[in-house]
Every structure is written in C-alpha cells, then in structure tokens.
Amino acid sequence: MPRPPSRDTLNELKAAVGSGSWFDSQEDLAPYIVDFRRLYRGVTPLALLPRDAAQVSKILEICNRDEVAVVPHGGNTGYCGAATPDESGSQIVLSMRRLNRVRRLYAANDSMIIEAGCTLAEAQTAARDADRLFPLSLGSEGTAQIGGNLSTNAGGTAVLRYGMMRDLVLGLEVVLADGRVMSSLKSLRKDNTGYDVKSLFIGAEGTLGLITAASLKLFPLPADTATALVAVDSPQHALDLLSMLRTAAGDQVTTFELMPRLAVELTVKHVAGVANPLAQGAAWYLLIELTSPNPRQNLAALLTDELQRAATEGMVEDALIATSIAQSLAMWKLRESVPEAQRHHGASLKHDISVPVSSVPKLIEDGSALVRRLAPEGDVLGYGHLGDGNLHFNVSLRPGADSTAFLRRGEQLERAIFDLVDSLGGSISAEHGIGRLKAAEFASRADPVELSVMRDLKRTLDPKGILNPGKVLT
Ligand SMILES: Cc1cc2nc3c(=O)[nH]c(=O)nc-3n(C[C@H](O)[C@H](O)[C@H](O)COP(=O)(O)OP(=O)(O)OC[C@H]3O[C@@H](n4cnc5c(N)ncnc54)[C@H](O)[C@@H]3O)c2cc1C
C-alpha cells in the first residue's frame, strides 16, 4: 500500500528534476488537483515536470522504493477523473507536458516517434508538415496529449476509417513502476516476436506504466473531401444510409456523426457563429465526411448521387453538401459545439456508451423510455459517433425543472442505462475510459475472469500499487 511521502523523499524527488521543474505551493498546484469536469478535487504535496524518460525513470525508482503513489497528468481533458490525485494528500502528480519533442518522422515508413507530452494538435501539425496525416481527431486536440490519448485509447470522429488510438500505434517507450525503461519504439508493420506487451499500456490510464514516447502510424493526406449535413427521420434510416454509403465508398466514409434535433437547436442558440443550414425541425441530423488521397476521386459527385438515391428511397429528408471549405468548417463547428452548448444549457447526466452498430436504434428507443421513467426532469441528448456504435447518451435538465431532484436520479438512471447496454452486448465506456468515475461499476460488471487477469497484470507490473491507485481497478 502506498504511503505519504516523507520530507526526505519529497526533497529527493525535487532534486531528480531540478529547480524550475517542480511545484509545491497551493497556488501552483491548483491546475493539477481538479479534473476537467470538476467532479473531483484532490490534494497533492508535489507536482513534478520531468523533461525526459531518464528523469521519469529516476522519479519512479524513488517512488517505488519509498512506496509513494504517482498520478500521471497529461492535458487533463479526460472525462473520468483519472488524472486527478485523491483527497489523502499523499499522491504526487507527474505532469508529462515537458516531454514534448517530435523525435523523428520517417516519411518513407509512414511513421513518427513523438514524446508523450506533445499535444494531439502538435502531432497532427508535425505530420502535416511532412505531407502526412495523423488521423486521430478530438474536440480537445489543442490540449489533450499523446500520452493521455494512448492511456485512454481515445476515439473521436475518424474512428470509422482509421480506428482508435490503439490502432495507430507501432511501438512505445514506457517507464515501468520500478523505474526500468521499456524501449520498443519500432516502426514495423509486422512483428510477431512474442506477446504484444505495448498493448497493455494503451487504455491503462497510467495504472501499469508511464508512457514517455510512441511510434505512431501516418497516412496520406486527403486530397479530396466531401462533407454533408443530412436530415433523417430516425436512427434506423441513418444506419440504412451508412450501410448504403459503405457499399458505395468503402472506407472512404471517414465520419458518420449523429445529432438529435435538441443538440442542433442548443448549438445554434448558445454558440456564436453556429447555424443550421437545413430544414429546421428534422428529428435527427448527420454529419458525414468522405475522404480520399486521390484528388480525382470526385467524392462530392459520389456523395450527391448516393444521397439522392437515399432520398428517393425515403431514407433522407434533406441534405446539403458543402461546396466550400468554409461551408464544411461550419458543418463541423455545428457538430463540435454540441458539448459546449450542452454545458451552457445547464446540468446534465452523461453516459459514454457503445453497442453493436445495428443496436443503436434500440438503445435510443429503450434508453429514452428509461429517461422518461427515471429522470423525468431531463431531455435525452444522445449524440456522437454513430458509425462506431458509440453515443454520448446524455440527458440535459429541462429549463425550469428541479435540478436537485434531477441530479439525485443520476445514479439510478446510470445503472439502468448500463443494464440496457449490457443486455445489448455493449460497453459502459466506449472511449472515455474508467478512471475513478466508473471503477465501481466496471468491477461489478466486467467478466470476473477477465477482471482477475487484469488484477494479476497490475500486481506483476506494479507490485507495490504506486501507479495511479484507485483508478480503473478498485
Ligand atoms: C471538448 C472535449 C472533447 C472530447 N472529445 C473526445 C472524443 O471525441 N473522443 C475521446 O475519446 N475523448 C474525447 N475527450 C476526452 C479526452 O480529451 C480524452 O480522453 C484524451 O485522450 C485525454 O487526454 P489528456 O492528455 O487530456 O489526458 P488526461 O486527462 O491528462 O489523462 C487521462 C488518463 O491518462 C493518464 N495519462 C496521461 N498521460 C499519461 C502518460 N504519458 N503515461 C501514462 N498515463 C498517462 C492519466 O493518469 C489519466 O489516467 C474530449 C474531451 C473534451 C474536453
């Protein structure tokens, strides 16, 4: 069991990074003790900002020897309280933001080696500067870091085409709990030498090791893009359209995002510069994007043909294909402003869940019935990555309704929604992780054998339990 650090340990940790690379005043520590959603406020005696893997190694060696708990801290945009220390005051914070170099970009291998503290936007820019694409794309990309993206196995709006963060990794450099450095920064597409150890650290939320650098896959830049905003009357028609587009365009279908009417109305109302160019009052809206590296693909024509055919067959009510970059950006702004609009609208209960794509209509129908029964003060605002079967099935407090009663119902509603998700063969965390927020629910719902394998791995890799205790595994 980790214990509070002694004064000597704290001094040794400060010396490991040198002056200017640690904070211990309440004022300086403030950004490190509250999570993005302000669900948790912790206490820490020290935040360390190492500059390289050797310093991270020294820190973990000391912490492991003295049994001091360490909380890795990336961009702090996570939604599950996983980068926040607990209230004991005994956990130190390890900020990764100064490990922010692009070590090497191999255009010929379509790969780059980049440090964990680079933001996702910096990684995208480095790739673009070499005429390549790093395709992970999140609303938080200006702040979220590569290490955080890896540790949460982040998803986002291009998973349909490129997969989640796990699918974009060729190799990792990881500092283990005892300070040893596992250096496996290969750029290989094929490597069948034993177990896939790097995979363990992806999605582990800092509980198995500290990721200091990654070898990531790059792709050709899109040279042809077609973006459309589409109105449909039901999630089933949205899925029928997805199937039709995939048949016609294969994995050129990069983005397929669903928004209910309420989401669109709230973004237009609350976020400056957002407009809905389609017929008002449609039940559901889709943001669809097709991309190809071939500039002569003529994706706009393909998308126009398919949408016209879908309209004839009664799947589509209205559609607009962007004819300029500005129009495409405006469509994206509408989709990406949904979380902000929801924040302005007031209190909400959030559920990041996934089911097999074909079960999304049932999830929405049965989930909405649960909300009407268990949280009648709220309106369903379920939006997100329909192409991946992943919805942010959120519930927003109706204006003027009793917020205390609404928030009190959160736990019961969450349990009922998770039961529904389980019954549909889904996941209680599609892309945001477990962290502290879902650790208890995860423990009660996961397959017991799988859970015991996870606990065995944790004991093997972190026998003293110093890495991000209380997160993922209870
Ligand atoms: C506006 C907005 C939009 C978002 N959209 C999406 C989305 O579409 N899809 C999606 O998946 N998520 C989304 N998120 C959630 C969030 O941005 C992601 O989970 C992101 O990957 C977290 O990265 P971070 O650097 O902020 O990590 P943090 O929040 O700092 O940390 C997350 C976890 O990773 C651990 N960690 C951080 N760095 C390291 C490291 N180097 N080594 C080991 N462990 C580490 C932390 O201890 C913690 O457990 C969104 C968030 C916001 C605010």
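Order of listing sets the numbers, starting from 1, for every ligand and every atom in it.
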For [atom], grab the closest protein heavy atom and report residue, atom and distance to one decimal in Å.
atom	result
atom 46 (C) of ligand 1	Pro72 O, 3.2 Å
atom 15 (C) of ligand 1	Thr77 O, 3.6 Å
atom 42 (N) of ligand 1	Ile211 N, 3.0 Å
atom 12 (N) of ligand 1	His432 CD2, 3.6 Å
atom 43 (C) of ligand 1	Ser151 OG, 3.2 Å
atom 28 (P) of ligand 1	Asn76 N, 3.6 Å
atom 8 (O) of ligand 1	Gly156 CA, 3.4 Å
atom 4 (C) of ligand 1	Ser140 OG, 3.8 Å

Atoms of ligand 1 close to [X] [distance to a heavy atom under 4.0 angstrom, numbered from 1]:
X	value
Leu138	7 (C), 8 (O), 9 (N), 10 (C)
Met96	41 (N)
Gly206	43 (C), 44 (N)
Phe36	53 (C)
Glu205	47 (O), 49 (O)
Ala154	11 (O), 21 (O)
Gly78	26 (O), 29 (O)

Heavy atoms of other groups near Lys362 NZ, more than 12 under 6.0 Å: no
One residue to check: [X]. Relative to ligand 1, which of side chain, backbone, both or neither has a non-hydrogen atom less than 4.0 Å away?
X	value
Asn468	side chain
Thr152	side chain
Gln145	both
Ala116	side chain
Tyr79	side chain

[X]-[Y] side chain donor-acceptor pair, cut-off 3.5 Å:
X	Y	result
Glu289	Thr254	no
Gln91	Thr44	no
Arg161	Thr291	no
Glu431	His385	yes
Glu122	Asn100	no
Ser337	Thr267	no
Asn390	Asp352	yes
Asp86	Ser88	yes
Asn468	Thr207	no

Are any of the heavy atoms in [X] under 4.0 Å away from ligand 1?
X	answer
Lys471	no
Gly209	yes
Gly155	yes
Asn149	yes

Exercise: identify the closest heavy-atom pair between Gly42 and Thr84: N-CG2, 4.0 Å
Smallest separation among heavy atoms of Arg3 and Asp66, with atom names: NE-O, 3.6 Å
Taking C-beta and beyond as the side chain, do [X] and [Y] meet within less than 4.5 Å on heavy atoms?
X	Y	result
Leu473	Leu451	yes
Pro469	Pro2	yes
His392	Lys350	no

Using a 3.5 Å cut-off on N or O atoms only, is [X] in polar contact with ligand 1?
X	result
Gly75	yes
Ala82	yes
Thr157	no

Counterpart residues, ring pair (Phe, Tyr, Trp, His ring centres under 6.0 Å), relative to Tyr285 (two or more places apart): none
